[in-house]
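Inspection log for the structure reproduced underneath, given as structure tokens.
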2 protein chains.
Amino acid sequence: MRAERTRAAILGAAVHLGSLRGLGELSIGGLASTVEMSKSGLFAHFGSKEELQLATVTQAWHIFEEEVVPFPREGIDPSLEALLERWLSFFERKVLPGGCFFVIAAVEFAGLDGPVNDALARALEDQIAAIEAAVRVANESGELPAGKDPSGTAFALHSILVNANSVFVVRGDRGVLDDARVAIGELLGRPQGSREALVAPHA
Amino acid sequence: MRAERTRAAILGAAVHLGSLRGLGELSIGGLASTVEMSKSGLFAHFGSKEELQLATVTQAWHIFEEEVVPFPREGIDPSLEALLERWLSFFERKVLPGGCFFVIAAVEFAGLDGPVNDALARALEDQIAAIEAAVRVANESGELPAGKDPSGTAFALHSILVNANSVFVVRGDRGVLDDARVAIGELLGRPQGSREALVAPHA
DNA sequence: CCTACCGATCGGTAGG
DNA sequence: CCTACCGATCGGTAGG
């Protein structure tokens, strides 16, 4: 019980630090000092740095999934537009501060092999696949005006999302997130001028 | 003279390692062993790790600029399409292996301040600005069929380029580079079916 | 979950 | 450009 809470606190700090500085920069000693426990006490929860990294990736993915991915759940709009808006909101609210945790880490670990790299590569593919599935549904439901190639459209949409967050983090200015909303609108064939529908959904 | 050559060899290795593993992972000791000299001998060329990082960023930018950016130079096609194709070719040939050196590093260093972060943030803006300038020229020359918003179009094109390289590096499969060519064609309003013109320019 | 420790490596310095 | 060294930190272990 108590160990579970400690582990959760450690992983919370690990996700935060890993998002800000990269998964490779996580150190056991640094993490131990931020959660105010001994290095070896923290170490005992994981057994190796690799296990700590793996648990951090898993935890980050759970947070992302809960916030963004449209599992059939009560109160979650399954449309493509809603998925993309949840994603942008996830960036804007800095739920995982720093760059897009998964893409940055996946690139950092590419070429190294091992379970951490596998988990990161899978997360990247799952992100693209989630968009592609929503594009297919949108094609069939008539949400998209013209039939779009699901794979290519998903890649383009994913690119806009990820780069919007990168530029957002580097500039420290949320304006680029609205640029992304406009670019998404154009990719989806939305006519010029209907921009407000996506930019200010609650207005 | 000799010192210049040594410095060039060091920076060549630094750009290579920094591209593969991230600028933050560069260590003076590790770099010294790959160029087969003593740690302090290498250190003497730079005076601090920060100066080494800064010199590495500068060197990487010179390589990128030489390969991609359309300075008015003999034999360089100034069109938007040629710029984008040089960029994709730059990724495909792994001139800087690993992720898009500048974007990954800029995100990694975002929030830290200092000259390295400044240089990286500037490189990111210069990349987007280079695309935007080419879009403006293309608008005026008639290369683009309809007048496109230069800023928004540049952001979308930059997103496709950067993400194409990320996915390329993670998958280890160049197929996504052709997906990027298709996505770029659609963004530029190229009609379906003219894809081959960009995919296989030398066929 | 702790103290106490291991060998290796970190950025950096002294002195030549 | 080198040897020799500094204090700090790395991942990890022993033993409790």
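In what follows, every chain begins at residue 1, and chains take the letters A, B, ... in the order their sequences are listed.
Residue B:Ser27 places no side-chain N or O under 4.0 Å from the OP1 or OP2 atom of C:dT9. In this structure, B:Ser38 reaches the D:dC2 phosphate: one of its side-chain N or O atoms is under 4.0 Å from OP1 or OP2.
Listed here is the closest heavy atom pair of A:Gly98 and A:Leu20: N-CD2, 4.0 Å. Contact record, B:Ala14 with B:Thr56: CB-OG1, 3.4 Å, taken as the closest heavy-atom pair. When every heavy atom of B:Val15 is checked against every heavy atom of B:Ala60, the shortest pair comes out as CG2-N, 3.9 Å.
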- Treat a base pair as Watson-Crick or G-U wobble with both distances under 3.5 Å, then lay out DNA chain C in dot-bracket form, 5' to 3', with | for cross-strand pairs. ||||||||||||||||
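With respect to B:Glu140 and B:Arg136, no salt bridge is recorded, no charged nitrogen being found less than 4.0 Å from a carboxylate O.
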Restricting to nitrogen or oxygen on both sides, can you table the protein-nucleotides 12-14 of chain D pairs closer than 3.5 Å?
residue, atom, partner, partner atom, Å
D:dG12, OP2, A:Lys49, N, 2.6
D:dG12, O6, A:Lys39, NZ, 3.3

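Between B:Leu42 atom CG and B:Arg7 atom CZ the span is 10.5 Å, to the nearest 0.5 Å.
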Please tabulate, one pair per line, all N/O donor-acceptor pairs under 3.5 Å involving side-chain atoms of residues 88-97 of chain A, not counting sequence neighbours.
residue, atom, partner, partner atom, Å
A:Ser89, OG, A:Arg93, NE, 2.8
A:Ser89, OG, A:Arg93, NH2, 3.4
A:Glu92, OE2, A:Arg174, NE, 2.3
A:Glu92, OE2, A:Arg174, NH2, 2.9
A:Arg93, NE, A:Ser89, O, 3.3
A:Arg93, NH1, A:Glu67, OE1, 3.3
A:Arg93, NH2, A:Glu67, OE1, 2.8

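Between the NE2 atom of A:His45 and the C1' atom of C:dC2 there is a distance of 12 Å, rounded to whole Å. Note: CZ (B:Arg21) to P (C:dT9) measures 17 Å, nearest angstrom. Rounded to an integer number of Å, the gap from CD of A:Glu25 to C1' of D:dG11 is 15 Å.
Using a 4.0 Å heavy-atom cutoff across all strands shown, A:Leu26 reaches sugar-phosphate atoms only and no base atom.
Checked by atom type, the side-chain pair B:Ser151/B:Asp149 shows no donor-acceptor distance below 3.5 Å.
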- Is there a side chain to side chain contact (heavy atoms under 4.5 Å, CB included) between A:Phe168 and A:Asp173 once you walk through the steps? CA-CA 6 Å; A:Phe168 173 46; A:Asp173 181 328; 5.9 Å; no
